[in-house]
Amino acid sequence: MSQKNVFEQIERFLSTENPEVLSVSGRWGVGKTHLWNETLKANRATAKLRNYAYVSLFGMRSLDALTTAIVQSTVSLEGPELEPTFDSYLEHLSSFPGVIALTKRAARKSTTVASKAASTLPYVGKLADLFAPGAALLISKQIICIDDIERAGQGLDMADVLGMVSSLCEHKGCKVVLLLNEDALGEQGTKYRSYIEKVVDQAVRFEPTPEESAVAAISAEDVLGQQLAKQTVALGIKNIRVIRRIRRFLQHLESELTDLHSGVTERVIKSIALLGWCVFEPTLAPDLALVCRYAKFRINLSNENCSANELNLDQLLKAYDFGDFDQIDQVLSDGLQAGAFDRQALQKLLEDESKKLASEEAREVISKPWKIFHDGLGNDQDKFIEAICTAFERYSNAMSPTDASDALQFLRELGRTEEAERFLPMYVDTQKDKPREFFALYTCNRGRLDPHIVTAFDAILAGMPVDRDPTEILRKIVFSQDWGPDELAYLATLPSECYDKMLKDWQGHDLNNAIYLALDFGRLDTSATNKIEFARQMAASLQRIAAESGLNRLRLRPYLTKIPPALMAEEQSSEEPDN
């Protein structure tokens with residue numbers, strides 16, 4: 001039964017003074033007590049019986065303790081609070097002749113109980129001993145809520161509890177509501193089910209919807225919590241305590257999520273909802289170990305050897321759009337189980353994820369005009385131009401020279417010269433923090449680039465200092481036969497005079513090794529632009545130095561004959577107009 005339906009039954013229960021027993025059963029954490037309290041608060045002014053007691057059987061071991069607890073917990077619905085106090089206890093007893101003096105003497109002997117909730121007083125000793133034998137005489141025509149019945153202590157038999165409830169209803173004119181998890185009664189379950197028809201007037205099964213549980217667990221003003229609520233609803237989580245526990249763990253991560261891409265927050269919330277459910281409610285949630293192995297076994301789901309649990313999990317995670325279990329999920333899972341997160345490791349992973357999402361978002365915006373262009377022949381020129389303008393305004397920094405050149409060319413051809421002239425300096429200005437290799441343009445077809453961009457980039461590159469010794473970089477590569485892409489990329493950006501100097505700084509066998517290494521880059525790995533540009537620059541330098549004198553031409557002739565044709569192509573093409 002949904003929260004709304006149970007709420008209506010409790011309202012009906014409170015609206016009459018007729019003695020009655022209402023049983024509300026449901027799993028732990030679904031909010032039975034919360035729903036009862038909220039319904040009572042909403043209807044306290046109109047409830048027919050005006051006294052109320054709440055008692056939990058958690059750990060309680062005798063009927064005398066239960067009876068005393070009811071007396072001590074009784075409050076008037078006319079008062080401001082439903083939570084009992086020592087004053088409310090004395091006020092309740094003052095309505096019974098002959099009890100006032102006894103209460104005051106007991107109070108003086110047990111003053112420490114004044115600061116405790118009345119429902120815990122059976123355990124302080126003396127006061128309970130004084131009232132236990134006659135406490136039942138003080139209970140009459142009131143509302144009583146008996147909670148946590150399945151958690152009663154050893155010695156308190158279910159049959160005795162239900163017998164007392166029946167007596168309170170039939171002989172004391174009370175209205176009693178029982179809150180319990182019937183599935184957790186264990187051995188007492190048989191007795192409960194055998195007596196329920198004789199004692200309970202109405203028994204309802206509380207099964208809130210995931211939406212109702214999320215509303216009960218998370219404040220409507222909690223922005224991050226509302227994002228979590230969407231995920232708990234998608235998973236079908238009904239346990240309010242589990243939802244609140246997941247929210248507390250999410251709160252520990254709020255500082256890590258600050259200033260990161262919004263997609264990171266969505267990503268973390270989606271994961272922590274699923275993994276938190278697995279950790280905190282393992283009897284109902286998917287098996288955590290299976291979730292961790294999802295990426296490994298899902299490729300074999302068509303195999304007949306896959307278990308039913310694996311197939312069910314696959315359906316759940318596909319519907320939830322979870323994806324693969326990755327490093328972020330592992331750190332979250334470990335933290336949920338350990339009670340605290342490895343914040344340093346998680347922060348690094350989240351920052352990397354933020355950069356990745358930002359890059360993907362930028363690429364999507366930058367490529368949107370071309371998707372529109374290739375999509376068809378619709379009347380969507382304004383939409384196309386708007387997409388180009390958005391790309392420049394939001395992600396100029398992420399646009400490649402080719403992206404920017406193509407966009408500027410289309411703007412001009414469509415008569416939007418003003419926009420093109422406005423975006424050109426904006427684009428160049430947003431690139432100024434890029435490394436040398438970005439401005440070298442050797443990875444691009446310079447002939448198709450906007451000439452203004454080429455001119456601007458060449459000027460920027462020429463003005464950048466050579467802050468690393470190219471000869472030392474080349475020496476490391478030659479002697480160690482070990483290099484990184486950043487080292488080759490740096491060498492590939494250097495002006496021609498640096499290559500001439502590098503060759504002239506070398507002699508003998510070392511010079512031979514350096515030249516052959518560079519030329520080999522141009523022959524062996526034609527897909528690596530860094531290597532090709534480095535080899536092309538070295539080949540051009542050999543030709544320049546050979547042209548300086550007849551002796552140098554003879555010295556370098558063995559090398560010049562071994563330059564791959566591809567490295568000579570630019571030199572040859574530049575000479576074609578003179579032929």
Side-chain angles (χ1 to χ4, degrees), residues 1-3 5-7 9-10 13 19-37 39-40 53-70 73 119-120 122-123 136 139 143-170 172 174-209 212-213 216 236-245 277 280-285:
M1 186 176 290
S2 70
Q3 186 180 81
N5 291 335
V6 176
F7 184 91
Q9 295 309 312
I10 295 176
F13 173 81
E20 182 181 359
V21 178
L22 171 66
S23 168
V24 180
S25 176
R27 296 196 313 269
W28 285 326
V30 295
K32 301 182 296 294
T33 305
H34 173 80
L35 178 60
W36 164 256
N37 288 334
T39 311
L40 179 61
Y54 170 85
V55 177
S56 170
L57 291 193
F58 199 155
M60 198 171 287
R61 298 188 177 188
S62 70
L63 287 181
D64 284 346
L66 172 57
T67 303
T68 304
I70 293 174
S73 299
S119 61
T120 65
Y123 304 101
I139 304 172
I143 301 166
I144 301 171
C145 175
I146 302 178
D147 199 356
D148 298 316
I149 291 177
E150 71 280 359
R151 295 176 175 177
Q154 187 176 5
L156 189 56
D157 189 78
M158 179 58 62
D160 294 335
V161 173
L162 292 178
M164 177 178 172
V165 168
S166 178
S167 177
L168 290 172
C169 181
E170 295 180 7
K172 296 292 185 173
C174 294
K175 298 179 76 70
V176 183
V177 59
L178 307 177
L179 305 181
L180 70 154
N181 178 3
E182 186 177 347
D183 298 333
L185 285 172
E187 297 178 356
Q188 297 277 26
T190 302
K191 292 182 180 179
Y192 174 80
R193 284 181 282 276
S194 65
Y195 284 103
I196 187 172
E197 293 184 3
K198 301 176 182 178
V199 177
V200 177
D201 296 287
Q202 182 179 11
V204 296
R205 177 81 177 182
F206 183 33
E207 285 286 348
T209 65
E212 290 171 338
S213 295
I237 303 176
K238 300 179 180 179
N239 193 311
I240 294 174
R241 294 176 189 170
V242 168
I243 297 173
R244 287 176 175 165
R245 197 170 179 185
W277 186 32
F280 302 139
E281 197 173 24
T283 57
L284 294 178

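These figures come from a predicted structure and were not determined experimentally.
- Taking each heavy atom of Pro19 and Lys175 in turn, the nearest pair found is CA-CG, 4.4 Å.
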Output side-chain donor-acceptor pairs under 3.5 Å for residues 146-165, partner residues at least two apart or in another chain, one line each.
from   : atom 1 : to     : atom 2 : distance (Å)
Asp147 : OD2    : Thr33  : OG1    : 2.5
Asp147 : OD2    : Tyr54  : OH     : 2.7
Asp148 : OD2    : Ser56  : OG     : 2.7
Glu150 : OE1    : Asn181 : N      : 3.0
Glu150 : OE2    : Trp28  : NE1    : 2.6
Asp157 : OD1    : Lys191 : NZ     : 2.5
Asp157 : OD2    : Ala159 : N      : 2.9
Asp157 : OD2    : Lys191 : NZ     : 3.3

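- Considering only heavy atoms from C-beta on, Ser213 stays 4.5 Å or farther from Ile237 through its side chain.
- Heavy-atom minimum distance, Lys32 versus Ser25: CD-C, 3.9 Å.
- The two atoms that bring Ile139 and Lys172 nearest to each other are O-CD, 3.1 Å, heavy atoms only.
- Applying the salt bridge (Lys or Arg N to Asp or Glu O under 4.0 Å) criterion to Lys238, with sequence neighbours excluded, gives Glu207.
- Environment of CZ in Phe7: crowded, with over 12 heavy atoms of neighbouring residues, nucleotides or ligands closer than 6.0 Å.
- Taking all atoms of both residues into account, the shortest heavy-atom contact from Ala216 to Gln3 is CB-NE2, 4.4 Å.
- Taking the salt bridge (Lys or Arg N to Asp or Glu O under 4.0 Å) definition, one finds that Glu182 meets it with Arg193, sequence neighbours left out.
- Between atom CG of residue Leu22 and atom SG of residue Cys169 there is a gap of 11.0 Å, rounded to the nearest 0.5 Å.
- Although no hydrogens or angles enter the test, the distance criterion places no donor-acceptor pair under 3.5 Å between the side chain of Gln188 and the main chain of Leu185.
- Residues Val242 and Leu284 form no side-chain contact, since every pair of their non-hydrogen atoms from C-beta on lies 4.5 Å or further apart.
- The pair Arg205-Asp183 meets the salt-bridge criterion, since a charged nitrogen lies less than 4.0 angstrom from a carboxylate oxygen.
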Begin from the C-alpha positions of Ile70 and Leu168 and carry the test side chain to side chain contact (heavy atoms under 4.5 Å, CB included) through to its verdict. CA-CA 11 Å; Ile70 293 174; Leu168 290 172; 4.1 Å; yes
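- With a 4.5 Å cut-off on side-chain heavy atoms, Asn239 and Arg27 do not count as touching.
- The nearest pair of heavy atoms linking Ile240 to Gly31 is CD1-CA, 3.5 Å.
- The closest side-chain heavy-atom distance from Ser166 to Lys198 is not below 4.5 Å.
- The OG1 atom of Thr68 lies 10.5 Å from the CG atom of Leu63; values are rounded to the nearest 0.5 Å.
- The heavy-atom pair separating Leu178 from Leu180 by the smallest distance is O-CD2, 4.0 Å.
- Side-chain contact between Trp36 and Phe13 is present, with at least one heavy-atom pair separated by less than 4.5 Å.
- The distance from atom CG of Leu66 to atom CZ of Arg61, rounded to the nearest 0.5 Å, is 15.0 Å.
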